[in-house]
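Taking it in order: structure first as structure tokens, then the write-up.
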Amino acid sequence: MKILANDGISPEAIKTLEEAGFEVITTKVAQNQLADFINKEGIEILLVRSATQAKKDLIDACSSLKLIGRGGVGMDNIEVKYAQEKGIKVINTPNASSYSVAELTFAHLFSGVRFLYDANRNMPLEGDTHFAQLKKNYAKGQELKGKTLGIIGLGRIGKAVAAIALSLGMKVIAHDPHHEEATITLSFFDGRTLDFTLQTIGKEELLKQSDFITLHLPAQQEAVIGEKEFQLMKDGVGIINVARGGVVDEEALLHALEHEKVAFAGLDVFQGEPTPSIRILMHPRISLTPHIGAATTEAQDRIGNELAQQIIAAF
């Protein structure tokens with residue numbers, strides 16, 4: 001069977017699949033040429049990450065497809081229900097990238113509380129001429145220890161974020177309409193573990209109490225954080241979104257930043273991907289990354305291995 005890993009896959013996964021008798025093609029095919037390539041090569045398994053779209057038009061055009069796999073958690077770039085109705089199996093890797101995304105959350109948080117997002121822009125320009133002034137500008141940083149982190153969405157990634165926050169000495173509160181409580185496990189280098197039970201609270205209470213708020217949700221029909229939600233927050237709150245573009249209303253976020261309701265934001269995902277708003281990209285108090293939550297070597301190895309094992313089991 002032929003597999004097209006259109007957004008790439010780890011070498012270890014390729015080896016595993018080839019040893020099981022699959023042919024793995026890693027050619028990157030442009031979206032507008034994808035259907036022709038699949039049909040010409042007789043591709044039966046399509047593997048994607050977030051870049052490639054597997055929507056109704058592609059599914060209808062490619063009768064050879066038997067499985068579509070998403071390397072990651074969210075599957076909003078795949079028409080899952082329609083594919084299944086057409087007899088195509090759809091898989092993803094919900095466990096593989098959670099910790100990598102959680103660590104990126106804290107990369108943005110640390111960047112925010114110590115002004116790294118701004119210092120890294122200004123030091124190359126003015127560090128040799130205005131060092132003392134820059135030092136003064138960035139002199140009022142904060143520690144995360146002792147602060148309250150509000151987590152909206154307590155799935156695998158949300159729990160991984162909670163574990164890191166607890167290990168830093170933060171107070172953690174969470175909102176998730178699907179969970180009343182969750183067990184958060186801290187794992188240490190020597191194999192020891194420590195469990196915490198976290199009770200969820202209402203969204204309004206979380207917004208009012210949190211010093212920092214981070215979102216870990218699948219794609220939504222409408223924004224989870226908008227103008228009304230920003231009004232409920234503390235002045236000077238920090239907002240992190242490494243989940244999906246659109247769960248935070250970007251216009252409302254810009255307004256909140258400009259009126260100092262929000263001190264800083266960290267964004268890995270955007271409403272207009274792959275062409276984010278220039279106002280978002282140029283804002284001096286937003287820490288920015290280009291949708292790289294799962295883009296670590298370790299996560300990609302786990303994603304590849306998880307996909308490979310599911311494919312082998314399916315066929």
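Quick note: residue numbers are just sequence positions, from 1.
Taking the side chain as every heavy atom from C-beta outward, Glu306 and Pro94 approach each other to under 4.5 Å. When side chains are defined from C-beta on, Phe230 counts as touching Val248, because their heavy atoms get closer than 4.5 Å. When side chains are defined from C-beta on, Leu232 counts as touching Glu204, because their heavy atoms get closer than 4.5 Å. Counting heavy atoms from C-beta on, the side chains of Leu288 and Tyr117 never come closer than 4.5 Å. Side-chain contact between Ile225 and Ile152 is present, with at least one heavy-atom pair separated by less than 4.5 Å. Within the 4.5 Å cutoff, the side chain of Asp118 has no heavy atoms near those of the Leu116 side chain. Looking at Lys145 and Met170, their side chains never come closer than 4.5 Å, going by heavy atoms from C-beta outward. Taking 4.5 Å as the limit, some side-chain heavy atom of Leu17 sits within range of a side-chain heavy atom of Ile9.
Of the possible polar contacts, none joining the His259 side chain to the Lys261 backbone as a donor-acceptor pair under 3.5 Å is found. No donor-acceptor distance shorter than 3.5 angstrom exists from the side chain of Arg244 to the backbone of Val269, with no hydrogens or angles considered. One N or O on the side chain of Thr93 and one on the backbone of Gly72 form a donor-acceptor pair closer than 3.5 Å. Side chain of Asp211 to main chain of Thr148: a donor-acceptor pair is present (N/O by atom type, distance under 3.5 Å, no hydrogens or angles). Here the side chain of Asp235 pairs no donor or acceptor atom with the backbone of Val262 at under 3.5 angstrom. Listed for the Glu229 side chain is a donor-acceptor partner under 3.5 Å among the backbone atoms of Gly226. Side-chain N or O atoms of Asn92 include none that pairs as donor or acceptor with a backbone N or O of Arg70 at under 3.5 Å. Distance alone, capped at 3.5 Å, places no donor-acceptor pair between the Asp176 side chain and the Thr200 backbone. Put simply, the side chain of Glu273 never gets that close to the backbone of Gly245: no donor and acceptor are under 3.5 Å apart. Between the side chain of Ser64 and the backbone N or O of Ile43, at least one donor-acceptor pair lies under 3.5 Å.
Closest of all the heavy-atom pairs between Ser10 and Asp301 is CB-OD1, 3.5 Å. Across all their heavy atoms, Ser100 and Ala294 have their closest contact at CB-CA, 4.4 Å. Residues Gln220 and Val224 share a closest heavy-atom pair of CG-CG2, 3.8 Å. Considering every non-hydrogen atom in both Ala102 and Ala160, the closest pair reads CB-CB, 3.7 Å. For the residue pair Leu46 and Ala54, the shortest heavy atom distance occurs at CD2-CB, 4.4 Å. Taking both residues in full, the closest heavy atoms of Ile292 and Asp268 are given as N-OD1, 2.8 Å, listed atom of the first, atom of the second, then distance.
Environment of CD in Glu227: sparse, with no more than 12 heavy atoms of neighbouring residues, nucleotides or ligands closer than 6.0 Å. Counting heavy-atom neighbours within 6.0 Å of Glu260 CD, excluding the residue itself, gives a total of 12 or less.
A salt bridge between Lys55 and Asp57 is absent, with no side-chain N of the basic residue lying under 4.0 Å from a carboxylate O of the acidic one. Between Arg279 and Glu250, no side-chain nitrogen of the basic residue sits less than 4.0 Å from a carboxylate oxygen of the acidic one, so the salt-bridge criterion is not met. Salt bridge absent: Lys2 and Glu44 never bring a charged side-chain N and a carboxylate O closer than 4.0 Å.
There is no side-chain donor-acceptor pair under 3.5 Å between Thr183 and Asp195.
Put simply, Ile3 and Ile25 are part of two different groups of oily side chains (I, L, V, M, F, W, Y) that touch within less than 4.5 Å, one to the next. Linking ILVMFWY residues whenever their side-chain heavy atoms come closer than 4.5 Å, directly or via other members, leaves Leu67 and Val80 in distinct clusters. Note: the hydrophobic cluster containing Leu104 also contains Ile240 (ILVMFWY, side chain heavy atoms under 4.5 Å, direct or indirect links). The hydrophobic clustering, which links ILVMFWY residues whose side-chain heavy atoms are closer than 4.5 Å, places Ile312 and Ile303 together.
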Quiz prompt | Stepwise side chain to side chain donor-acceptor pair (under 3.5 Å) check, Asn6 with Thr52 | solution = CA-CA 7 Å; Asn6 204 47; Thr52 301; 3.0 Å; yes
Quiz item: Passes side chain to side chain donor-acceptor pair (under 3.5 Å), Gln133 versus Asn137? Steps please.
Solution: CA-CA 6 Å; Gln133 183 59 49; Asn137 291 348; 2.8 Å; yes
Quiz item: Would Lys28 and Asp7 count as a salt bridge (charged side-chain N to carboxylate O under 4.0 Å, His left out) if you check the C-alpha gap in whole Å, the side-chain angles of each, and the deciding distance to 0.1 Å?
Solution: CA-CA 7 Å; Lys28 173 62 179 176; Asp7 297 332; 2.8 Å; yes
Practice problem: Could you please spell out the steps behind the side chain to side chain donor-acceptor pair (under 3.5 Å) verdict for Thr214 and His216? | Solution: CA-CA 7 Å; Thr214 179; His216 302 286; 2.7 Å; yes
Quiz prompt | Candidate pair His108 and Ser287, rule side chain to side chain donor-acceptor pair (under 3.5 Å), full reasoning | solution = CA-CA 6 Å; His108 281 293; Ser287 174; 2.8 Å; yes
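The line from CG of Leu149 to OG1 of Thr105 is 9.0 Å long, rounded to the nearest 0.5 Å. Separation of atoms CD1 (Ile286) and CG (Leu257) is listed at 5.5 Å; rounding is to 0.5 Å. Distance CG/Leu4 to CG/Leu47: 7.5 Å, rounded to 0.5 Å.
Relative orientation of the Phe264 and Phe212 rings is tilted, given thresholds of 30° and 60° on the angle between their planes.
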